[in-house]
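Structure, as structure tokens:
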Amino acid sequence: MSRVYRGGLIGAGFFAQNHLHGWGDVEGAEIVAVCDLNRAKAEKAAAQFAIPSVYTDAEALFAAEQLDFVDIPTTMETHEELVALAVKYRVPTIVQKPFAPDYATCRRIVANAEAAGVALMVHEDFRFQPLFRQVRELICSGEIGRPTFARLSWRNSVDVYSNQPYLIHAKRFMLMDVGVHMVDLAHFLLGRAIGLFADTQQIKQGIAGEDAATLILRHETGATSIVDISYASLRDPDPFPQTLGEIEGKTGSIVIEPGERLRVHGRSGTRTSDVKDDGRAWTSRPWRQIQDSVVHTQAHFIDSLRRGVESETSGRRSLHTYALIEAAYLSAETGRRIAIHRDDER
Ligand code: 89Y
């Protein structure tokens with residue numbers, strides 16, 4: 001039996017509930033300490049998930065505990081400081097998306113972790129949704145030939161403002177909250193992007209940032225993708241939290257239909273299949289596929305640590321995502337198409 005990795009969790013807010021449930025389902029990992037600035041929140045999490053130690057100060061957590069990893073599901077403004085602490089104590093780290101408020105900060109965080117040789121992964125979970133694993137396998141199997149086009153669409157009117165009220169005041173909102181997922185998926189499915197054009201909109205009144213954005217990406221393979229995201233789309237039924245879209249290749253296509261259904265037209269004909277959720281006791285509709293993806297993301301992190309390999313969404317590999325988001329803000333501001341150079345990422 002391989003050893004159990006002992007982890008700390010910093011930040012017991014809204015989405016951390018999924019992290020805490022998720023860790024319970026990851027074989028070979030356990031959370032032994034929880035930290036939140038708000039003691040009541042940390043104690044509540046400790047009681048609910050039978051976590052032995054509670055902290056309100058992150059440095060005290062690192063100083064007192066022998067940790068094999070730390071999970072940081074806090075907001076992005078805190079990540080540079082918290083990851084720096086983990087690096088100081090040489091604790092492998094998984095940090096929630098968005099990685100950091102801007103690309104320059106992402107680069108500083110990565111440089112710091114790399115200089116110390118501390119493993120760092122961004123908790124980017126959409127690519128770990130079982131549906132997108134299947135889509136990627138289909139593409140890699142050659143079923144639809146070389147991809148030429150994709151559209152990834154996230155349009156709903158979920159009340160994100162109740163669960164994450166800080167988003168009302170975020171100047172960089174939609175691209176940071178959901179755009180990062182979509183450009184990571186575009187990269188995952190079509191390869192690196194070399195340029196993009198973006199337009200942003202603020203549709204809801206009284207918020208500080210954009211709540212809708214449309215991106216056109218050019219990939220180095222020659223493929224084009226469109227990413228369109230909005231929290232101001234009134235639809236019935238509301239597809240939240242599903243990403244819809246399609247991928248076209250030289251010999252076929254994959255359409256992602258509502259209800260986690262894939263319609264594949266390719267070398268072996270045309271078929272439709274439903275992607276099942278994992279059926280975990282703690283997950284509930286409509287969140288199931290996102291909740292399942294949390295567990296797959298965490299399991300990948302532990303597996304990467306165990307094997308001593310770089311994770312799929314390591315800090316370094318995630319720089320591409322954040323270079324694209326930075327470029328999207330620049331494009332929207334200037335009306336220009338922005339080229340993405342590999343050099344941007346180091
Ligand atoms: O914040 C968003 C995300 O990252 O995925 C879903 C979400 O939690 C709410 O739309």
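Atoms within a ligand are numbered from 1 in the order they appear, just like the ligands themselves. Side chains included, hydrogens not; waters and symmetry mates left out as well; all remaining heavy atoms used.
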Problem set entry | Centroid separation Phe126 to His181 less than 6.0 Å | yes
Side-chain donor-acceptor distances from residues 68-79 under 3.5 Å, at least two apart:
unit_1, atom_1, unit_2, atom_2, d
Asp68, OD1, Arg3, NH1, 3.2
Asp68, OD2, Arg3, NH1, 3.3
Asp68, OD2, Arg6, N, 2.8
Asp71, OD1, His19, ND1, 3.4
Asp71, OD2, His19, ND1, 2.8
Asp71, OD2, Trp23, NE1, 2.8
Thr74, OG1, Thr78, OG1, 2.6
Thr74, OG1, His79, NE2, 3.4
Thr78, OG1, Thr75, O, 2.7
His79, ND1, Pro98, O, 3.2
His79, ND1, Phe99, O, 2.8
His79, NE2, Thr74, O, 2.8
His79, NE2, Thr75, O, 3.3

For this session: Could you pull out every protein residue that has a heavy atom closer than 4.0 Å to ligand 1, ordered by chain and then number?
Result: Lys97, Phe126, Trp154, Gln164, Asp177, His181, Tyr231, Phe240, Trp287, Ile290
Exercise. Angle class for the Phe62/Tyr89 ring planes (parallel below 30°, perpendicular above 60°, tilted otherwise)?
Worked result: parallel
Exercise. With ILVMFWY side chains joined below 4.5 Å, transitively, what does Ile338's cluster contain besides itself?
Worked result: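 Members alongside Ile338: Leu330.
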Exercise. Taking NZ, NE, NH1 and NH2 as the nitrogens, is one of them in Arg146 or Glu248 under 4.0 Å from a carboxylate oxygen of the other?
Worked result: no
Exercise. side-chain hydrogen bond (donor to acceptor under 3.5 Å, both in side chains) with Asn163: which residues, sequence neighbours excluded?
Worked result: none
